[in-house]
Amino acid sequence: MEKYLNLDYSYALPFVKDAELKKIQSEVTKARKMLNEMNGPGKDFLGWINLPKDFDRDEFDRIILASRRIRKQSQVLVVIGIGGSYLGTKAALEYLLPYYPKRRNIEVLFAGHNMSSTYLNELVEYLNKRDFSINVISKSGTTTEPAIAFRVLKKLLENKYGVEESKNRIYATTDKAKGALRKLADKKGYETFIVPDDIGGRYSVFTPVGLLPIAAAGVNIKSMLRGARAAKSAYTSNNIYKNDVHMYVAIRNLLYRNNKAIEMLVNYEQKLNYFAEWWKQLFGESEGKNHLGIFPASGSFSTDLHSLGQYIQDGERILFETVLNIEKPNKEIMIEADDLNLDGLNYLSGKTLDYVNKQALKGTLLAHKDGGVPNLLINIPEINAFSFGYLVYFFELACGVSGYLLGVNPFNQPGVEAYKKNMFALLGKPGYEELKKELEEKL
């Protein structure tokens, strides 16, 4: 199948040698084979690979029906979740919805992704004046941040609509059989959707975790899945010169071996800001193990060129950039001539703002390359549900292959548990008494 995205790696070639690319080809092929044959570390969490094609059709139909019901019953949908339980959804909605939505559209808000008392208080005040529903997302139901938010917002919902009516406004996305949220949902009679056992949170945007709230916001999730299927079909060749996913993996790993330890995902369209947040979890949680891995960072240009640009151009040579370029903007604006021309911009009259943006992109690529910063450029034809699905699958596949190439298990996250144990101990959670004593001595 013909590829939809285009990877331009010409701005990175001065920093890698042909011999290095030829040598790493066999490593990439081996890593991809492990992924395809599902026999590498984390093999029990590879359900995302075939998900765009093999998803549960019956559950998908229920998602469509539930999303319509949510739009009918509510002005606001509150999505309660953290990490992969909200980042993919947030990325999709920022990417696909207007910057300034029309008032009749349902508003999707998020909770349980932080522990700010101010944030939750103000959310409660806001919801008091609006009809709302809740989509609580947690495989266990005991993750601290979403569990606290759900306690507070469930009580608000029950006080507002009564216990019986509130049941019809709570949608639980959780484990199919076990866990605190599953037990509560079965007892109360909430409509439930499944978090698959074989898909980790950061790969879950094409599961009900992402599909329900994205559909409720009015996005065409069928088109999104078509984009993911198209990407799956496009990147089957092992040859790095015929497979942009493999070339991206090869170059980023070669740069890492040459002491480029930071990758900045850069955009020139702010609809991609939260896509970068999702991407940072995907790669950071997948590759950051055993004291290995590229540190994922992000920048929104030209905004951040006025803050980070100096460091990128003249600071330590420890980073490279992957630039996401939207080739055709959804909307355009023409720059008109001004009689006074006090700002000196009449030389731009008759040109579009996107044209100016594209020249900023090209100028920055050249400046950073000349300054010793490799750049990879990913060209995306336009912003729509299809391209979002395609782009997500591109990076999911790249992350899986890259993790195996690095020599880590890209589908676990053991380091995440360290802070939780300390937090539980300091909070006085039963079973953590000894650790609490140790921590208090250190503090």
Test: Lys30 cationic atom under 6.0 Å from Tyr404 six-membered ring centre, within 45° of axis:
no
Hey, are [X] and [Y] close enough for a salt bridge, meaning a charged N less than 4.0 Å from a carboxylate O?
X	Y	value
Asp354	Lys328	no
Arg257	Glu27	yes
Lys90	Glu277	no
Arg182	Asp186	yes

Is the shortest heavy-atom distance from the side chain of [X] to the side chain of [Y] under 4.5 Å?
X	Y	result
Gln25	Asn239	yes
Leu21	Met247	yes
Ile137	Pro146	no
Pro296	Glu263	no
Phe283	Arg252	yes
Ile378	Phe394	yes
Ile80	Tyr86	no
Asn243	Arg32	yes

Hey, is [atom1] on [X] packed in by over 12 heavy atoms from elsewhere, all under 6.0 Å?
X	atom1	value
Phe15	CZ	yes
Lys222	NZ	no
Arg317	CZ	yes
Arg151	CZ	no
Lys280	NZ	yes
Glu332	CD	yes

Option from Asn330, Val219, Asn220 for which side chain to side chain contact (heavy atoms under 4.5 Å, CB included) with Leu96 holds:
Val219
Exam field: side chain [X] to backbone [Y], donor-acceptor pair closer than 3.5 Å:
X	Y	result
Ser286	Pro410	yes
Ser204	Gly201	yes
Glu321	Val373	no
Asp244	Asn6	no
Asn258	Leu254	yes
Tyr99	Lys271	yes
Lys369	Ala12	no
Asn267	Leu324	no
Thr174	Ser138	yes
Asn384	Ser387	yes

Starting at [atom1] of [X], measure out to [atom2] of [Y] and round the result to the nearest 0.5 Å.
X	Y	atom1	atom2	answer
Lys22	Asp18	NZ	CG	6.0 Å
Thr322	Leu377	OG1	CG	9.5 Å
Tyr171	Asn135	OH	CG	9.5 Å
Tyr390	Tyr4	OH	OH	9.0 Å
Tyr311	Glu316	OH	CD	4.5 Å
Ile383	Ile326	CD1	CD1	4.5 Å

Distance alone, cut at 3.5 Å: any donor-acceptor contact between the side chains of Asn238 and Lys33?
no
Do the side-chain N and O atoms of Asn273 and Ser300 include a donor-acceptor pair separated by under 3.5 angstrom?
yes
Applying ring-ring contact (aromatic ring centres under 6.0 Å, His included), can you list everything that pairs with Tyr95, at least two apart in sequence or on another chain?
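Tyr95 satisfies ring-ring contact (aromatic ring centres under 6.0 Å, His included) with Phe388 once adjacent residues are dropped.
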Output, in order, the C-alpha distance, side-chain angles, deciding distance and verdict of side chain to side chain contact (heavy atoms under 4.5 Å, CB included) for Leu153 and Val124.
CA-CA 7 Å; Leu153 296 179; Val124 167; 4.0 Å; yes
Plane angle bin for [Y] and [X] - parallel if under 30°, tilted between 30 and 60°, otherwise perpendicular:
X	Y	answer
Phe55	Phe60	tilted
Tyr248	Phe395	perpendicular
Phe150	Tyr190	perpendicular
His113	Phe110	perpendicular
His368	Phe301	perpendicular

Does the pair Met224 and Phe206 meet the rule for a side chain to side chain contact (heavy atoms under 4.5 Å, CB included), with working shown?
CA-CA 9 Å; Met224 197 169 79; Phe206 299 135; 4.1 Å; yes
Minimum heavy-atom distance between Glu145 and Met115, given as atom pair plus value:
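Looking at all heavy atoms of both residues, the closest pair is CG-CG, 3.6 Å.
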Lys242: salt bridge (Lys or Arg N to Asp or Glu O under 4.0 Å) partners, not counting sequence neighbours
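For Lys242, no residue satisfies salt bridge (Lys or Arg N to Asp or Glu O under 4.0 Å) once neighbours in sequence are set aside.
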Please report the C-alpha distance between Glu287 and Tyr256 in whole Å, then the side-chain angles of each, then the deciding distance to 0.1 Å, and finally whether the side chain to side chain donor-acceptor pair (under 3.5 Å) criterion is met.
CA-CA 12 Å; Glu287 291 191 324; Tyr256 174 59; over 6 Å; no
Trace of the ring-ring contact (aromatic ring centres under 6.0 Å, His included) decision for Tyr203 with Phe411
CA-CA 9 Å; Tyr203 292 86; Phe411 307 110; 5.4 Å; yes
Listed by chain and number, what are the side chain to side chain contact (heavy atoms under 4.5 Å, CB included) partners of Gln281, not counting sequence neighbours?
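Result, side chain to side chain contact (heavy atoms under 4.5 Å, CB included) vs Gln281: Leu87, Arg202, Glu285.
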Assess the residue pair Thr364 and Tyr268 against the criterion (side chain to side chain contact (heavy atoms under 4.5 Å, CB included)); give the C-alpha distance rounded to whole Å, side-chain angles, the decisive distance to 0.1 Å, and a yes or no.
CA-CA 11 Å; Thr364 305; Tyr268 284 77; 3.2 Å; yes
Under the criterion side chain to side chain contact (heavy atoms under 4.5 Å, CB included), I'd like the reasoning laid out for Leu376 against Ile251: C-alpha separation, chi angles, the key distance, then a yes or no.
CA-CA 9 Å; Leu376 293 158; Ile251 291 178; 3.9 Å; yes
I'd like to know whether Asn253 forms a side chain to side chain donor-acceptor pair (under 3.5 Å) with Ser402, so could you lay out the CA-CA distance, the side-chain angles of the two residues, the decisive distance to 0.1 Å, and finally the verdict.
CA-CA 7 Å; Asn253 277 276; Ser402 188; 3.0 Å; yes
